[in-house]
Amino acid sequence: MQANVNGKILQLVQGDITRQEVDAIVNAANSGLRGGGGVDGAIHRAGGPEIMRQCRRLGGCPTGSACVTTAGRLRARFVIHAVGPVWHGGSSDEATLLGSAYRRSLEVADEKGITSIAFPSLSTGAYRYPPPAAAPIATSTVVDFIKGKTSINKVVFVLFNDSTYEAFCQALEQHLRQEDG
Ligand code: AR6
């Protein structure tokens, strides 16, 4: 699925984020930037040890925030390490922290003059955030950001499985319908 937002492209695709041809790939990181499984494991495996060397130098990144390194052997120029919240049932500020992780990633990308960026679905794997609750936050945060003045002209959400892809399509359609209405 693809949408046009103020002349900028927003795409939803299924696949592996490490294979995207974009300026920056967003990692679903932990606050220690220690690496791990899921997207994090795939990015470090594909990008090689230089990314972890830079993560160690950064020392960590708070939940709800995002920190940048170069991208080692990946096709992208940068990896933006975003730290989403662990799902604790929904009453521990998870929604605010998830929105903030997406927004900070976009701000960091904008500061670097990045034009294209790929996101995974933050927090919906090991951190157990339910995709139907996460998708409206992810899509509306990105749509609102790219409506404004920014170097970013293309955002791709790379969704790994059918149910997450469906949740993002539904959320984006609903957000765009509400804006039209
Ligand atoms: N490309 C795109 N999406 C993927 C890929 C991939 N290669 N691999 C998995 N996904 P997760 P989190 C999907 O667990 O929930 C790590 O250990 C996956 O199916 O990667 O934010 C970190 O070190 C799910 O939909 O991230 C942290 O400790 C989504 O990406 C912790 O997990 C996110 O799943 C972060 O957990």
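When a ligand or atom number is given, it counts from 1 through the structure's own listing order. Numbers here simply count residues along the sequence, with the first being 1. Reckoned from all heavy atoms, side chains included, excluding hydrogens, waters and symmetry mates.
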Exactly one candidate in Val142, Ile17, Leu172 meets side-chain contact (heavy atoms from CB on, under 4.5 Å) with Phe157; the answer is Val142

What atoms of ligand 1 come closer than 4.0 angstrom to any heavy atom of [X]?
X: Gly35; result: 23 (O)
X: Ser121; result: 29 (C), 33 (C)
X: Gly36; result: 17 (O), 23 (O)
X: Thr124; result: 15 (O), 24 (C), 25 (O), 29 (C)
X: Ala28; result: 21 (O), 22 (C), 26 (O), 35 (C)
X: Gly15; result: 1 (N), 2 (C)

[X] (side chain) donor-acceptor with [Y] (main chain) under 3.5 angstrom:
X: Asp93; Y: Thr96; result: no
X: Glu94; Y: His88; result: yes
X: Lys154; Y: Gln11; result: no

Check contact between [X] and ligand 1, using heavy atoms of the residue and a distance below 4.0 angstrom.
X: Gly84; value: no
X: Pro131; value: no
X: Asp16; value: yes

Are Leu58 and Val83 connected, step by step, through hydrophobic side chains (Ile, Leu, Val, Met, Phe, Trp, Tyr) whose heavy atoms are closer than 4.5 Å?
no

Nearest non-hydrogen protein atom, [atom]:
atom: atom 21 (O) of ligand 1; answer: Ser123 N, 2.8 Å
atom: atom 32 (O) of ligand 1; answer: Ala126 CB, 3.5 Å
atom: atom 15 (O) of ligand 1; answer: Gly125 N, 2.8 Å
atom: atom 18 (C) of ligand 1; answer: Phe160 CB, 4.3 Å
atom: atom 20 (O) of ligand 1; answer: Val39 N, 2.8 Å

Mind checking whether [X] and [Y] have side chains closer than 4.5 Å, heavy atoms only?
X: Asn6; Y: Ile146; value: no
X: Glu179; Y: Val143; value: yes
X: Asp110; Y: Ser151; value: yes
X: Ser163; Y: Glu166; value: no

Which option wins on minimum heavy-atom distance to [atom]: [options]?
atom: atom 31 (C) of ligand 1; options: Tyr127, Tyr129, Tyr165; result: Tyr127
atom: atom 16 (C) of ligand 1; options: Gly41, Ala118, Gly37, Gly38; result: Gly37
atom: atom 28 (O) of ligand 1; options: Asn30, Leu122, Ile43; result: Asn30
atom: atom 1 (N) of ligand 1; options: Ile17, Val83, Leu98; result: Ile17

Between side-chain atoms of residues 124-134 and protein atoms elsewhere (two or more places apart, or another chain), which donor-acceptor pairs fall under 3.5 Å?
from	atom 1	to	atom 2	distance (Å)
Thr124	OG1	Ser121	O	3.0
Thr124	OG1	Ser121	OG	2.7
Arg128	NH2	Trp87	O	3.1
Tyr129	OH	Ala95	N	3.4

Is there at least one pair of N or O atoms, one from Asp40 and one from ligand 1, spaced under 3.5 Å apart?
yes

Heavy-atom distances under 4.0 Å are what count here, so tell me which part of Ala42 touches ligand 1: side chain, backbone, both or neither.
side chain

So Glu50 and Thr70, side-chain hydrogen bond (donor to acceptor under 3.5 Å, both in side chains) or not? Walk me through it.
CA-CA 8 Å; Glu50 177 55 26; Thr70 58; 4.7 Å; no

Indicate every side-chain donor-acceptor pair of residues 21-32 with a distance under 3.5 Å to a residue at least two apart or in another chain.
from	atom 1	to	atom 2	distance (Å)
Glu21	OE2	Arg75	NH1	3.1
Asp23	OD2	Thr115	N	2.9
Asp23	OD2	Thr115	OG1	3.0
Asn27	OD1	Asp40	N	3.3
Asn27	ND2	Asp40	OD1	2.7
Asn27	ND2	His81	ND1	3.2
Asn30	OD1	Gly32	N	3.3
Asn30	OD1	Leu33	N	3.1
Asn30	OD1	Arg34	N	3.0
Asn30	ND2	Gly35	O	3.1

